[in-house]
J.: 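Here it is, the structure in full.
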Amino acid sequence: MKKILQISLLVIGGSFLSEKLFAQDPEFTQFYANPLYLNPALAGSKICPRVTMNYRMEWPGIYGTYSTVGASIDRLSYKVKGGIGLMLMSDRAGKGTLITNGIGLIYAPKIILGPKTLISAAIQVGYWQKTVDWSKLTFGDQIDAAHGFIYNTNEAPGVSTRGNFDLAAGLLFSSTNFYAGVAVHHILQPNESFLDGTSILPRKYTGHAGAIIPLGGKYSESYISPNILYQKQGDFNQLNLGLYAKKDVIVGGLWYRGNDSFIVLIGIESGQATIGYSYDVTISKLTNSTAGSHELSLGYHFSCKKPKPHYRPVSCPSF
């Protein structure tokens, strides 16, 4: 275990010295429980004010657990004929060795195509800040062949904080029981290097679609919802296939993330409140080491006046 720990710290430390690196976004697997993070075009999709909070703990079985917290608030504003939203995110990697905090402001105008069909376009302006704790890093020149990490490093630390403005955009089509959207994040591809080199945050492309298939009578709260989601960021590609099922207030979900994990979800959607828990079951070669990933979501939809004609909530899952 000591050798594994030393190698892990070496890899983390050495990564900051690479001439060119590419970062990657944290992710949530309760995609629609954190809607503004998935696609800014979902701002205002529920008409009335909505608040969401999400917590994810990834790979607790490996030293340096990753934990991510997200929160958002959004609503439809008739004055600007679109959704407005505020999104916050904080990610801690390597027990706080690398911390990322972000904020995004969203405007998502709605284009009414018919009584039951609309398009939502969105622009998101954000600011992201990364902070590294150099005291928690170790480097190759600290290693003694017999005794491990015993020397002081000659490596000069770089800056501790790097901040960047960024842009994202999204598009969403919604009809009675079908929805599909695309989004692109990090349009400006900011340089996040703490040294003199280049560490580009590549653009992240997202495509998602799904349907709500009612079960039972006209006013039944039961449905099934097949979904697909694809993301690409740099050399990283991810395809997610999932299915939700709801019976009264209970929601269950199962997703397959290609060659990586299964995602199992259980949630409660009662009135205006939602609470969900999901667990990522790792099926890759890291199965015996990661202890999976845990995610918890909380949401609340406030009451408001009856929507104006042709404005309607987007029919999509809450998780």
Side-chain angles (χ1 to χ4, degrees), residues 23-28 31-54 68 70-91 100-114 117-130 162-175 178-192 200-210 229-234 299 301 304 307-308 310-316:
Q24 181 183 312
D25 282 4
E27 67 175 2
F28 293 89
F31 308 106
Y32 291 99
N34 197 356
L36 306 193
Y37 191 78
L38 172 65
N39 187 343
L42 284 164
S45 59
K46 293 299 184 183
I47 307 296
C48 298
R50 167 178 55 183
V51 175
T52 66
M53 295 187 66
N54 307 79
T68 310
S72 69
I73 181 170
D74 68 297
R75 67 163 300 160
L76 181 72
S77 172
Y78 296 113
K79 292 183 179 180
V80 297
K81 298 182 179 180
I84 52 176
L86 171 67
M87 183 191 70
L88 303 171
M89 190 276 291
S90 181
D91 180 73
T100 304
N101 295 310
I103 182 172
L105 297 173
I106 299 169
Y107 172 52
K110 311 300 180 187
I111 303 171
I112 307 300
L113 301 180
T117 307
L118 65 81
I119 289 178
S120 175
I123 185 72
Q124 174 180 311
V125 180
Y127 183 81
W128 302 85
Q129 184 181 77
K130 289 182 179 288
R162 176 72 70 185
N164 290 286
F165 286 96
D166 204 0
L167 292 175
L171 190 67
L172 178 74
F173 171 84
S174 172
S175 62
F178 176 77
Y179 49 91
V182 293
V184 56
H185 291 81
H186 313 304
I187 294 174
L188 301 179
Q189 295 195 112
N191 177 17
E192 299 188 323
I200 294 297
L201 183 58
R203 294 188 184 100
K204 180 175 71 175
Y205 301 94
T206 300
H208 60 99
L229 187 148
Y230 174 77
Q231 290 185 323
K232 176 177 174 58
Q233 188 171 19
H301 300 167
C304 63
K308 290 185 178 182
H310 303 313
Y311 285 94
R312 52 178 298 278
V314 174
S315 296
C316 64

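Everything numeric in this text was worked out from a predicted model, so none of it was measured.
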J.: Do W128 and R162 make a side-chain contact, defined as non-hydrogen atoms from C-beta onward lying under 4.5 Å apart?
T.: no

J.: Mark yes or no for whether Y107, through its side chain, and V80, through its backbone, hold a donor-acceptor pair below 3.5 Å.
T.: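 Between the backbone of V80 and the side chain of Y107 there is a qualifying donor-acceptor contact (under 3.5 Å).
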
J.: Is there a donor-acceptor contact under 3.5 Å linking the side chains of H186 and D25?
T.: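 Yes, a side-chain donor-acceptor pair sits under 3.5 Å.
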
J.: What do the steps show when you test H208 against Y179 for side-chain hydrogen bond (donor to acceptor under 3.5 Å, both in side chains), and what is the final call?
T.: CA-CA 8 Å; H208 60 99; Y179 49 91; over 6 Å; no

J.: Of the options T100, D91, N164, which is the one that meets K130 in a side chain to side chain donor-acceptor pair (under 3.5 Å)?
T.: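 Looking at T100, D91, N164, the match for K130 under the side chain to side chain donor-acceptor pair (under 3.5 Å) is T100.
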
J.: Which atom pair, heavy atoms only, marks the closest approach of L36 to Q124?
T.: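 Residues L36 and Q124, closest heavy atoms: O-OE1, 4.1 Å.
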
J.: Are L118 and I111 close enough, and set up right, to give a side-chain contact (heavy atoms from CB on, under 4.5 Å), and what steps lead you there?
T.: CA-CA 6 Å; L118 65 81; I111 303 171; over 6 Å; no

J.: Calculate, to the nearest 0.5 Å, the distance between atoms CD and CG belonging to Q231 and L38 respectively.
T.: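 Q231 atom CD to L38 atom CG measures 7.0 Å (nearest 0.5 Å).
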
J.: Just verifying a value: how many Å separate L172 CG and I119 CD1, rounded to the nearest 0.5 Å?
T.: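 The CD1 atom of I119 is 9.0 Å from CG of L172, to the nearest 0.5 Å.
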
J.: Could you check if a side-chain atom of V182 sits within less than 4.5 angstrom of a side-chain atom of T206, using non-hydrogen atoms only?
T.: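 In short, these two side chains do not touch, never coming nearer than 4.5 Å.
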
J.: To the nearest 0.5 Å, how far apart are CG in N39 and OH in Y32?
T.: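 Reported value, rounded in 0.5 Å steps: 8.5 Å.
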
J.: Before we go on, tell me: are the rings of Y37 and F28 under 6.0 Å apart, centre to centre?
T.: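 Ring centres of F28 and Y37 closer than 6.0 Å.
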
J.: Which heavy atom of A108 sits nearest to which heavy atom of A43, and what is that distance?
T.: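 That closest heavy-atom pairing would be CB-O, 3.9 Å.
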
J.: Would you call I103 and M87 a side-chain contact if the rule is heavy atoms closer than 4.5 Å?
T.: no

J.: Measure across A122 and I106 and return the closest heavy-atom pair with its distance rounded to 0.1 Å.
T.: CB-CG2, 4.4 Å

J.: Report the residues that fulfil ring pair (Phe, Tyr, Trp, His ring centres under 6.0 Å) with H301, sequence neighbours left out, ordered by chain and then residue number.
T.: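 Once residues adjacent in sequence are excluded, H301 has no partner under the ring pair (Phe, Tyr, Trp, His ring centres under 6.0 Å) criterion.
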
J.: When the ring centroid of Y78 is compared with that of Y311, is the distance short of 6.0 Å?
T.: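 Y78 vs Y311: aromatic centres under 6.0 Å.
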
J.: For H185 versus A168, what's the shortest heavy-atom pair and its separation?
T.: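 Here H185 and A168 meet closest at CD2-CB, 3.6 Å.
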
J.: Any sub-3.5 Å donor-acceptor pair from R203's side-chain atoms to G234's backbone N or O?
T.: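 Looks like no, no N/O pair under 3.5 Å.
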
J.: Apply side-chain contact (heavy atoms from CB on, under 4.5 Å) to the pair S72 and M89, showing each step before the final yes or no.
T.: CA-CA 9 Å; S72 69; M89 190 276 291; over 6 Å; no

J.: So, using side chain to side chain donor-acceptor pair (under 3.5 Å) as the criterion, who are the partners of S90 when residues are at least two apart?
T.: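 For S90, the residues satisfying side chain to side chain donor-acceptor pair (under 3.5 Å) (neighbours in sequence not counted) are N101.
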
J.: State, with a plain yes or no, whether a side-chain heavy atom of P35 is found less than 4.5 Å away from one of T52.
T.: yes

J.: Under 3.5 Å, is there a donor-acceptor pair between the side chain of K110 and the main chain of I112?
T.: no

J.: Nearest 0.5 angstrom please: L201 CG to D166 CG, how far?
T.: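 Atom-to-atom, L201:CG and D166:CG are 6.5 Å apart.
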
J.: Rounded to the nearest 0.5 Å, what separation is found between the CD atom of E27 and the CG atom of N34?
T.: 12.0 Å

J.: Restricting to non-hydrogen atoms, name the atom on C304 and the atom on P49 that form the minimum distance, rounded to 0.1 Å.
T.: CB-CD, 4.2 Å

J.: Can you name the closest pair of heavy atoms from P202 and Q189 and give their distance?
T.: CA-OE1, 3.6 Å

J.: Measuring from atom CG of L188 to atom CG of L167, what distance do you get when rounded to the nearest 0.5 angstrom?
T.: 4.5 Å

J.: Answer whether the closest heavy-atom distance between the side chains of S45 and R50 falls below 4.5 Å.
T.: yes

J.: Between F173 and L113, is there a side-chain heavy-atom distance shorter than 4.5 Å?
T.: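 SC-SC contact between L113 and F173 confirmed.
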
J.: Any side-chain heavy atom of L105 sitting closer than 4.5 Å to one from I84?
T.: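 L105 does not reach I84 side chain to side chain.
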
